[in-house]
Amino acid sequence: DVKVTQSSRYLVKRTGEKVFLECVQDMDHENMFWYRQDPGLGLRLIYFSYDVKMKEKGDIPEGYSVSREKKERFSLILESASTNQTSMYLCASSPYRDRAHEQFFGPGTRLTVL
Amino acid sequence: SQQGEEDPQALSIQEGENATMNCSYKTSINNLQWYRQNSGRGLVHLILIRSNEREKHSGRLRVTLDTSKKSSSLLITASRAADTASYFCATDARGNTPLVFGKGTRLSVIA
């Protein structure tokens, strides 16, 4: 089974801190995604990557950056955390050959910025 | 950019009843997918229906797709308390774009 793991289930940070959220998948998937999920807003795409060292902006990239140095790892970085970045963050991966393929999600990281 | 919109936003039914959720979208698609999310967890893929298919079944799930109306429905038959979750549709639009998720339907199945 595909496994997508995220570094933390719960995280509490202070305003202005630099925050790293890590995501690792073990099925050699080319595509990886970061979403945030907020009540009433559904899932919104922050950044995605279709290959190592590739990154593309999603719908809400402001205040975030990403890093994909290895195929299996996709990191989301909050350069200077703010309270409006308090949210559930979900990572997902999918295989390259068929971009219509299902996405496999990690368990999520619930981030609170105080 | 949110393409899929689920309806209703919330649904409460008794165990054993059928649950129907709808999804409408705006642009042409390659396929439409349904996902389930248990409270506070990640999403799990349920079923994918391609644009040239009209109906698909998987266990107690039945998905229909009407591309002329740009809509899909997810039917869960003989629901169980364990089906309590949020259900999301996601559309794969034509072109090299990622999936776009709707806001979801919260289903509560009361035992």
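Because the structure is a prediction, the values reported are computed rather than measured.
- For the pair B:F88 and A:L43, the minimum side-chain heavy-atom distance is below 4.5 Å.
- Proximity to chain A (any heavy atom under 4.5 Å) is shown, for B:E6, by neither the backbone nor the side chain.
- Taking each heavy atom of A:Y50 and B:P98 in turn, the nearest pair found is OH-N, 3.7 Å.
- Within the model, atoms OH of A:Y35 and CG of B:L99 stand 5.5 Å from one another, a figure rounded to the nearest 0.5 Å.
- Contact of the B:Q37 side chain with the A:L90 side chain is registered, since non-hydrogen atoms from C-beta on lie closer than 4.5 Å.
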Walk me through it: do A:R9 and B:R41 pass the test side chain to side chain contact (heavy atoms under 4.5 Å, CB included)?
-> CA-CA 9 Å; A:R9 289 283 286 125; B:R41 309 296 297 183; 2.9 Å; yes

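- Note on A:M54: it clusters hydrophobically with A:L45, by side-chain heavy-atom contacts below 4.5 Å among ILVMFWY residues.
- Under a hydrophobic clustering in which Ile, Leu, Val, Met, Phe, Trp and Tyr are joined whenever their side-chain heavy atoms come within less than 4.5 Å, directly or via other members, A:V66 and A:V4 fall into different clusters.
- Cluster membership check: A:F48 shares its hydrophobic cluster with B:F101, using side-chain heavy-atom separations under 4.5 Å among Ile, Leu, Val, Met, Phe, Trp and Tyr.
- Hydrophobic clustering, with ILVMFWY side chains joined whenever heavy atoms are under 4.5 angstrom apart, keeps B:V44 apart from B:I47.
- In this structure, B:R80 places its CZ atom where only 12 or fewer heavy-atom neighbours from other residues, nucleotides or ligands lie under 6.0 Å away.
- A:E102 contributes atom CD, which lies 13.0 Å from atom CG of B:D92 (distance to the nearest 0.5 angstrom).
- Following chains of ILVMFWY side-chain contacts shorter than 4.5 Å, one cannot reach B:I110 starting from B:L107, and the two form parts of different hydrophobic clusters.
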Could you walk me through whether B:Q33 and A:Q103 pass side chain to side chain contact (heavy atoms under 4.5 Å, CB included), step by step?
-> CA-CA 10 Å; B:Q33 303 177 28; A:Q103 289 187 10; 5.7 Å; no

